[in-house]
S.K.: 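Have a look at this one.
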Amino acid sequence: MFVDKNLGQKQKYQKIDISELEQVQKKKVKQNVNINVYTGNQYSDDYYKILQVRKQLPAWDAKEQLFMLLEQYQVIVLQGETGSGKTTQMPQFLLEKYCKGRGIACTQPRRVAAMSVAKRVAEEMDVTLGEEVGYSIRFEEKTSNKTILKYMTDGMLLREAMHDPKLERYSVVILDEAHERTLNTDILFGLLKEVMLKRPDDLKVVIMSATMDAEKFQKYFHNAPLLDIPGRVFPVEIFYTQKPEKSYLDAAISTTINIHAYEEPGDILVFLTGEEEIEEACKKITSEIQKLGDDVGPVRCVPLYSTLPPNQQQKIFESAPQPNKKGIQGRKIVVATNIAETSITIDGICYVVDPGFSKQKVYNPRLRVESLLASPISKASAQQRAGRAGRTRPGKCYRLYTEQSYNTELIDNTYPEILRSNLSSVVLQLKRLGIDDLVHFDFMDPPAPETLMRALEQLYYLGALDEEGNLTKFGQSMSEFPLDPQLSKILLSSKDFYVTDEILTIVALLSVQQVFQRPKDQQQQADDARYQFVHQDGDHITFLNVFKAFKEHNESSDWCYSNFINYRSLKSADKIKIQLKQIMSKLSIPSTKTDPSNALYYTYIKKALISGMFMQTAHLTKNGAYMTVKDSQIVAIHPCSVLNHKPEWILYQEFVLTSKNYLRTVTDIEGKWLYEICPEYFNPKTIKNIETRKEFEKIEKQVLEEQRRKPDLLTVEQIQKLHKHVKSERTQSVSSPKTIQK
DNA sequence: GAGCACTGC
C-alpha cells in the first residue's frame, strides 16, 4: 500500500459524526413523519411542493431498482438523458441506505454544475447549503462536519485521493457525466477500480452517463449491471444535406437565414468552431436578414464563446426582439462554440444548425506539442447538439453534412482527453496515488506508449522520478501543487535563487490565460498600453511588471480596463498565488528575497525559470532562424511576444502550431546557464544540431576550465552576498503607468 | 506581424 511519507502513516480523516444524531432523529421521526431525518426540524411548506415535482421525475421510478442492484453489485452503471433527474435524485436515494458514518461524493466535470446542483439538492432536502449538503470546488469549500452529501469537481476528488488514497471518508462515490471522459474522470476510473478491491464491503460506486458509452463502462467495470432511466426530452427531427457542403461557414449562414425566413417562431442555435468565425457569422446573418426587410421578423444575433466577457455572455439569455411593424415575430439566434454543447444550456432553442466541426486538442508526443485543430465531431457530439433543440418543445436539427457522412465518417465518440494530451501531470498524479506500474495500469483507453514515455522522461529530468521511475521526495512535493510539473519545479527551486515571491507571481500568471486584452477596434491603444509594462528580457518579467502595477493600483478594475489588462485574469492569478504560497509553506519551503536593485535580480528570476523550463529552449542559428535545442524544430517567436530583439538563447512557455511553429511567452536567457543548471540534459553529445552542439561544447569547456581554476565554485548564496551592495546599471523596475487618453 | 475549443486542481 502506498504510504504518504510526508504526512505520517496514520493520517486522521474527518469522520462524519451523524450516527448518534441519526438515532435520536429516527426516534423523533417515528413519532412524527413531518420531521426531517437529517436536521430534526419540521419540514417546510416548500419541501412538500418540491417533493411533488420530484416525484414526477423519471429517476423517481428507478429508486427500488437502484437499491436492488446495489445490494448485489459493488458498482453499477446508470444511464440517463438530461431531464431524468439522475444528478439530483440518485444521491438522495443513496443517502437513505448507504450513509453509515461516511459520506457520499458526487463528482462533476465543472465547478458551476457542482455548485448549482448542490444548491438545488439542499433545497429539495430542506437543509442549509453547506451543512448536510455541500460542495467542494477549487477556492471554495462549502461543507461542514455534518456534510453527508458532497458535490465536487472530479479534480477535487482526485486531490483528496492524494491524502486519502482509499477514499475512506466516503461510502458511495458517484462519477457523474462520465461520458465526457475528462482527464480527471479517466484517472478516477482506474483509481476507483483499485479502491473497490480494497474496500469490497463498504464502498459502492455509481457511474452515471448519458447514452452511447454505457456498454464500454459496463465492460470496464467487470460487467457491471446497467440501470437505464428514460429522459424527458422532446423529439428532434434531423435533416441532412444532399451533397457535401463546400464551405460549412457559408452553409451555416444561409441555413440560418432560411430557417428564419421560412420556419415557425423559435430560437436558433448555430455551432461554429471559434471566435473569429462566430463574429463573422453574426455580422453576416444580421446584415443579410436586414436586407430582407419587413417580410421577415427582426433578429437578435448573439455570439457565445468562453473568452467573451461575462456581461456579453449574459446576452444569450435575453429574449427575442419584439414583433416588427407587420406583426411578424422576432427571433434570437445564438452563434456558439462547443461551450453550448455541454457547459451552457439555453432554454427556448427549437432549431439547431450543426456544421459538424469543433476545435479539438491534439497532442504530438514526438514534437511534444499540443495544438488545436478544427476537426469533425463524433456521433455522440452530433446527438448532443441535436438534443439542444428539444428542451422546451419538439425541434429540428439541420446537419450540414450528408447522412452517409454521419453514418460512415463520424467516429462514435470523441477520443477521450487522455489520448489527446501531454501526460506529465497525469503520470505524476498516478505515481503520487501509488500506481507504479503505468504500463499495466488499467486505463479505460490506454494512451500511446510514446506519450507515457515522454511524460516519464520529462518527470525524470525534473527530478520527480528516479532512474527506476520511482517517485522521489521532490516529486512528491511537486505533486502537491495544482500545476504542470514544470511550473511546480520552478516554484520549488525558486528559493535557491532568492526570488520566491517573483516566481510565485509569474507562475500564477502563467496558469491563467489572457493577461492582456486586445480588442479588434482598439489594437493600437492596447499595444501602447502594453508598452509601459514591457521588460526587455521578455514576456515572463513583463508579466511580473503587470502584476506589480496591478497591486500598486489597488487591484482596480478601472485601471485594468484603461490599461487593457484582463481584470478577471489578474484577480484569479492573485487567488492562485495565495493558494500556491500556502502550499509552499505547508511544504516548509522558506521564502527568499533579492533586492530588485541587485545586479543579479533578473538573472535569478531567469535561472529559476530555467530550472523547470529547460526542456523548452531554443537557439538562434546562423541563418537567423530559431531551432529548439533538443528536438531541432525550426520555430519562430510569436508576434505577440514583447521581445523585439533576437537573443541567441530563449526559453519558451508554449509551442503553438498554427500557420508556423510559434513560440509564445518567451524570455531571453544565456546558453551557459542552461549547462550550469542541467549539465546532464545539455551534454553536447546529446544535441543533434551541429551548430548548437558546438556552442555547448564551447560552454562545457569554459565551465570545466572555470571549475578547474576555482575548485570551490561559489554557491548562489555566496554570489548573492558578493553582489548585495552592488547597484545595477540594468535596473528596470515597473515604470509608473500613465492613463491612456482616449 | 498573428490569431487561442472547453474544462480543472
Side-chain angles (χ1 to χ4, degrees), chain A residues 107-114 136-141 152-163 177 180-188 271-280 304-308 336-344 357-362 370-375 377 381 384 414 416-417 420-421 425-426 428-429 432 478-485 487-488 508 511-520 523-524 527 566 569 572 575-576 579-580 582-583 636-644 653-665:
Chain A
T107 69
Q108 298 292 321
R110 282 168 292 279
R111 289 186 204 166
V112 227
S136 171
I137 60 178
R138 189 182 187 181
F139 304 128
E140 202 179 345
E141 169 96 27
M152 64 207 299
T153 47
D154 46 15
M156 221 43 187
L157 184 61
L158 217 51
R159 282 279 143 193
E160 282 188 4
M162 286 185 179
H163 298 284
E177 312 285 4
E180 288 192 28
R181 302 290 305 276
T182 66
L183 265 182
N184 289 334
T185 304
D186 267 26
I187 302 172
L188 284 171
F271 283 101
L272 289 175
T273 66
E275 171 177 347
E276 207 178 321
E277 259 177 29
I278 289 172
E279 294 294 350
E280 191 190 331
L304 174 65
Y305 42 88
S306 74
T307 49
L308 209 60
T337 60
N338 250 11
I339 194 170
E341 200 180 295
T342 46
S343 312
I344 297 182
F357 289 92
S358 70
K359 278 194 186 162
Q360 286 163 35
K361 187 171 69 182
V362 281
E370 285 182 345
S371 46
L372 278 175
L373 214 63
S375 339
I377 59 170
S381 217
Q384 179 76 19
T414 312
E417 211 184 343
R420 299 183 284 122
S421 310
S425 171
V426 171
L428 183 61
Q429 285 187 71
R432 172 62 193 264
M478 274 171 67
S479 70
E480 288 289 328
F481 293 98
L483 294 169
D484 267 355
L487 294 179
S488 310
S511 32
V512 299
Q513 329 127 301
Q514 268 205 306
V515 169
F516 296 106
Q517 304 270 39
R518 200 164 181 263
K520 267 219 163 59
Q523 293 188 347
Q524 191 55 50
D527 292 347
N566 189 323
S569 296
S572 117
K575 264 189 180 173
I576 293 172
Q579 189 188 34
L580 298 177
Q582 283 168 348
I583 298 171
I637 297 177
H638 197 284
C640 74
S641 171
V642 302
L643 272 189
N644 56 3
Q653 206 62 41
E654 216 183 338
F655 186 125
V656 289
L657 188 77
T658 48
S659 53
K660 267 197 215 169
N661 289 336
Y662 281 114
L663 306 182
R664 279 202 325 203
T665 314

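Naming convention: chains lettered A, B, ... in sequence-line order (proteins, then strands); numbering from 1 in each chain.
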S.K.: From the set B/dA5, B/dG1, B/dC9, return the single nucleotide nearest to any side-chain atom of A/P639.
M.R.: B/dG1

S.K.: By nearest atom, which of the nucleotides B/dT7, B/dA2, B/dA5 is closest to the A/R518 side chain?
M.R.: B/dA2

S.K.: To the closest 0.5 Å, what do you measure between CD (A/E140) and CZ (A/R111)?
M.R.: 9.5 Å

S.K.: Can you find a side-chain donor-acceptor pair between A/E277 and A/Y305 that sits under 3.5 Å?
M.R.: no

S.K.: After noting the C-alpha distance and the side-chain angles of A/Q579 and A/R138, does the key distance pass the side-chain contact (heavy atoms from CB on, under 4.5 Å) rule?
M.R.: CA-CA 10 Å; A/Q579 189 188 34; A/R138 189 182 187 181; 2.6 Å; yes

S.K.: Which of the following nucleotides, B/dG3, B/dG8, B/dA5, is nearest to the side chain of A/S306?
M.R.: B/dA5

S.K.: Specify the separation, in whole Å, of atom CD of A/E141 and atom P of B/dC9.
M.R.: 12 Å

S.K.: Out of B/dG3, B/dT7, B/dA5, which nucleotide sits closest to the side chain of A/Q523?
M.R.: B/dG3

S.K.: Looking at residues at least two apart in the chain, or sitting in another chain, which of them share a salt bridge (charged side-chain N to carboxylate O under 4.0 Å, His left out) with A/E276?
M.R.: none

S.K.: May I ask you to check whether over 12 heavy atoms, not counting those of A/Q523, lie within 6.0 Å of atom CD?
M.R.: yes

S.K.: Between A/Q429 and A/Q360, who's closer to the 5' end of DNA chain B by nearest nucleotide?
M.R.: A/Q360

S.K.: Remember a base hit wins even if backbone is also touched, and classify A/Y662 as base, sugar-phosphate or nothing at under 4.0 Å, heavy atoms.
M.R.: sugar-phosphate

S.K.: 5'-most contact on DNA chain B: A/F481 or A/R420, nearest heavy atom basis?
M.R.: A/R420

S.K.: Between P on B/dC9 and CG on A/L428, what's the gap in Å once rounded to a whole number?
M.R.: 18 Å

S.K.: Please confirm whether the shortest side-chain N or O distance from A/T273 to OP1 or OP2 of B/dA5 is below 4.0 Å.
M.R.: no

S.K.: Provide, to the nearest angstrom, the distance between the NZ atom belonging to A/K660 and the P atom belonging to B/dG1.
M.R.: 8 Å

S.K.: Could you give the CG-to-P distance, from A/L373 to B/dG3, as a whole number of Å?
M.R.: 13 Å

S.K.: For the pair made of CZ in A/R181 and P in B/dG8, what is the distance, rounded to whole Å?
M.R.: 19 Å

S.K.: How close or far is atom C1' of B/dC9 from atom CD of A/Q582, stated in whole angstroms?
M.R.: 14 Å

S.K.: Given B/dT7, B/dC9, B/dG3, identify the nucleotide with an atom nearest to the side chain of A/P482.
M.R.: B/dC9

S.K.: Rounding to a whole Å, what distance do you find between A/D154:CG and B/dC9:C1'?
M.R.: 10 Å

S.K.: Over all strands shown, is A/S358 touching base, sugar-phosphate only, or nothing at heavy-atom distances under 4.0 angstrom?
M.R.: nothing

S.K.: When all nucleic acid strands are considered with a 4.0 Å heavy-atom cut-off, which category describes A/R111: base, sugar-phosphate, or nothing?
M.R.: sugar-phosphate

S.K.: How would you label the contact of A/I137 with the nucleic acid (heavy atoms, under 4.0 Å): base, sugar-phosphate, or nothing?
M.R.: sugar-phosphate

S.K.: Considering every strand and a 4.0 Å limit on heavy-atom distances, what is the contact class for A/T182: base, sugar-phosphate, or nothing?
M.R.: nothing

S.K.: Applying a 4.0 Å non-hydrogen cut-off, can you work out what A/R159 is touching in the nucleic acid: base, sugar-phosphate, or nothing?
M.R.: base

S.K.: How would you label the contact of A/I339 with the nucleic acid (heavy atoms, under 4.0 Å): base, sugar-phosphate, or nothing?
M.R.: sugar-phosphate

S.K.: Tell me whether the side-chain N/O atoms of A/T153 come closer than 4.0 Å to OP1 or OP2 in B/dC9.
M.R.: yes

S.K.: Going by the rule salt bridge (charged side-chain N to carboxylate O under 4.0 Å, His left out), which residues pair with A/R110 if we only count those two or more places apart in sequence or in a different chain?
M.R.: A/E180

S.K.: Counting side-chain heavy atoms from CB outward, which of B/dT7, B/dA5, B/dC9 is closest to A/E275?
M.R.: B/dA5

S.K.: Quick one: A/M162 CE to B/dC9 C1', roughly how many Å, whole number?
M.R.: 8 Å

